[in-house]
There are 2 protein chains.
Amino acid sequence: MTETSPDTTPRADAFPEPAVDEIHLEAVLHALADPVRLRIVSSLAECAGEVNCLAFDVPVAKSTLTHHFRVLREAGVIRQVRRGTSKMNTLRGEDLAARFPGLLDSVVAGYRDCHRPGGAGA
Amino acid sequence: MTETSPDTTPRADAFPEPAVDEIHLEAVLHALADPVRLRIVSSLAECAGEVNCLAFDVPVAKSTLTHHFRVLREAGVIRQVRRGTSKMNTLRGEDLAARFPGLLDSVVAGYRDCHRPGGAGA
DNA sequence: GTCAAACTACGACGATCCTCGTACTATGGG
DNA sequence: CCCATAGTACGAGGATCGTCGTAGTTTGAC
């Protein structure tokens, strides 16, 4: 469709993701209830920009990272767009805030609190 | 210890639960990422009082319910106290709010939104 | 003491999940 | 065209989870 438009960009395909109304609370909570994915989400919230998949220094294999990114995307937490050979990831902060106000913010804030020396224990 | 204190109350033993500083974000998220437990938490948030274990009309066996209540208690989401042969459950709303401000509120609000006809889809 | 009610402990089953390695595809550069 | 880079697909192994039934425990009532 619309193949007549001259595409000057390198290539920026979007990958299937749930609409805002289709984001499930349980899916979001499950997606966030994993140390690796929580770390990814926290990183995305910090840099607040596009980050490719392999730019995360989590101690897991490449294929495992692919799995986690898909879980996050299918839950509606992140958006993935291809740019060249890379895949850029962004947090769907506004969509999440529209669906579950305050949820992502409190999770990210709580994560940061837990991973700071001198933070509230644990 | 302290067996010398005269106990006039019918009996109100508390069950082991994490201190506020020991509540883990991942454990809370995992505890909430289950339909049965989410329903229990939502019910507790609504009535805002003590509810015994078998007062929930979730379609699971009795022993399964025991399991879910333990998961919630060990994650620090609820508090359990025995009163007679029953076990009263209360939400640790203040403790949770002190540790992860806004988290429980947004989850409960989101759950209610999802389970209302005419709510935001899903 | 006897009994019923509420809950727990335990083991088992099936399902899901996280992880991995290997093989494969797609994109872009030289 | 060849190749390097980035990511995916596809199992497979191991762990965890949710569910259940049965048997056992604790408590209070009679």
Side-chain angles (χ1 to χ4, degrees), chain A residues 7-17 24 26-41 43-44 50-75 77-90, chain B residues 7-17 24 26-41 43-44 50-75 77-90:
Chain A
D7 207 330
T8 55
T9 58
R11 199 127 246 162
D13 302 303
F15 289 83
E17 65 184 26
H24 288 43
E26 288 164 25
V28 172
L29 292 173
H30 169 255
L32 296 176
D34 177 274
V36 173
R37 292 193 290 260
L38 207 42
R39 184 163 169 175
I40 291 173
V41 169
S43 294
L44 286 175
E50 295 186 333
V51 183
N52 69 327
C53 287
L54 299 185
F56 295 86
D57 59 340
V58 286
V60 292
K62 210 166 44 161
S63 51
T64 304
L65 220 40
T66 297
H67 160 71
H68 285 306
F69 276 108
R70 176 162 43 176
V71 172
L72 286 171
R73 191 192 71 234
E74 292 181 345
V77 178
I78 68 170
R79 170 168 295 124
Q80 293 191 290
V81 175
R82 183 163 63 218
R83 290 196 45 175
T85 62
S86 294
K87 210 166 178 180
M88 291 327 224
N89 305 280
T90 52
Chain B
D7 208 329
T8 54
T9 57
R11 198 126 246 166
D13 302 304
F15 290 83
E17 63 183 27
H24 288 42
E26 288 164 26
V28 173
L29 292 173
H30 169 255
L32 296 176
D34 177 272
V36 173
R37 293 193 291 262
L38 206 43
R39 184 163 169 174
I40 291 172
V41 168
S43 294
L44 286 175
E50 295 186 334
V51 183
N52 69 327
C53 287
L54 300 186
F56 294 86
D57 58 342
V58 285
V60 292
K62 214 167 37 161
S63 52
T64 305
L65 220 40
T66 297
H67 161 70
H68 285 306
F69 276 107
R70 175 161 45 176
V71 171
L72 286 172
R73 190 192 71 233
E74 291 181 345
V77 179
I78 67 170
R79 170 168 294 126
Q80 292 190 292
V81 175
R82 185 166 61 216
R83 290 194 46 176
T85 63
S86 294
K87 209 165 179 181
M88 291 326 224
N89 304 279
T90 53

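Taking only side-chain atoms of B:R82, from C-beta outward, the nucleotide of C:dC18, D:dT27, D:dA6 with the closest atom is D:dT27. In this structure, of C:dC20, D:dA9, C:dC18, it is C:dC20 that holds the atom nearest to the side chain of A:V60. Among the nucleotides D:dG7, C:dA6, C:dC18, the one closest to the side chain of A:K87 is D:dG7. Checking D:dG18, D:dT19, C:dC7 against the side-chain heavy atoms of B:R37 singles out D:dG18 as nearest. Candidate nucleotides D:dG18, C:dT19, D:dG7 were compared by shortest atom distance to the side chain of B:H68, and D:dG18 ranks first.
Between the CZ atom of A:F15 and the C1' atom of C:dT25 there is a distance of 12 Å, rounded to whole Å. Protein atom CZ of A:R73 is 11 Å distant from nucleotide atom C1' of D:dT8, rounded to whole Å. As rounded to whole Å, 15 Å separates atom P of D:dA9 from atom CZ of A:F69. Put simply, CD on A:E26 is 14 Å from C1' on C:dT16, counting in whole angstrom units. Between the P atom of D:dA29 and the CZ atom of B:R83 lies a distance of 12 Å, rounded to the nearest Å. Atom pair B:L72:CG and C:dT8:C1' shows a separation of 17 Å (rounding to whole Å applied). Rounded to whole angstrom, the span from the CE atom of B:M88 across to the C1' atom of D:dT27 amounts to 14 Å.
Residues satisfying the salt bridge (charged side-chain N to carboxylate O under 4.0 Å, His left out) test with B:R70, not counting sequence neighbours, are none.
Considering every non-hydrogen atom in both A:V28 and A:A75, the closest pair reads CG2-O, 3.7 Å. Residues B:L38 and B:L32 come closest through the heavy atom pair CD1-O, 3.5 Å. Closest non-hydrogen pair, B:E26 versus A:A33, comes out as O-CB, 4.2 Å.
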*Stepwise side chain to side chain contact (heavy atoms under 4.5 Å, CB included) test for B:T64 and B:H68*: CA-CA 6 Å; B:T64 305; B:H68 285 306; 3.7 Å; yes
*Derivation and outcome, side chain to side chain contact (heavy atoms under 4.5 Å, CB included), residues B:N52 and B:K87*: CA-CA 5 Å; B:N52 69 327; B:K87 209 165 179 181; 5.8 Å; no
*asked:* Let's go through A:V81 and A:T90 carefully: what are the C-alpha distance in whole Å and the side-chain angles of both, what is the deciding distance for side chain to side chain contact (heavy atoms under 4.5 Å, CB included) to 0.1 Å, and is it a yes or a no?
replied: CA-CA 9 Å; A:V81 175; A:T90 52; 6.0 Å; no
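A donor-acceptor pair under 3.5 Å is absent between the side-chain atoms of A:R73 and the main chain of A:N89, judged by distance alone.
Toward the 5′ end of DNA chain D lies the nearest nucleotide of A:S86, the other residue of the pair A:R70 and A:S86 mapping further downstream. DNA chain C is contacted by both A:T85 and A:V71; A:V71 maps to the nucleotide lying nearer its 5′ end (nearest heavy atom per residue).
Annotation: side chain of B:R37 is in contact with side chain of B:H30 (closest heavy-atom distance under 4.5 Å).
A centroid separation of less than 6.0 Å is found between the aromatic rings of B:F69 and B:F56.
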What does the list of N/O pairs under 3.5 Å between the protein and nucleotides 21-23 of chain C look like, with a distance for each?
from, atom 1, to, atom 2, distance (Å)
C:dG21, N7, A:S63, OG, 3.3
C:dG21, O6, A:S63, OG, 2.9

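Of the residues in residues 27-34 of chain A, A:H30, A:D34 come within less than 4.0 Å of DNA chain C through at least one heavy atom, sorted by number.
Within 4.0 Å (heavy atoms only), B:H67 reaches at least one base atom of the nucleic acid.
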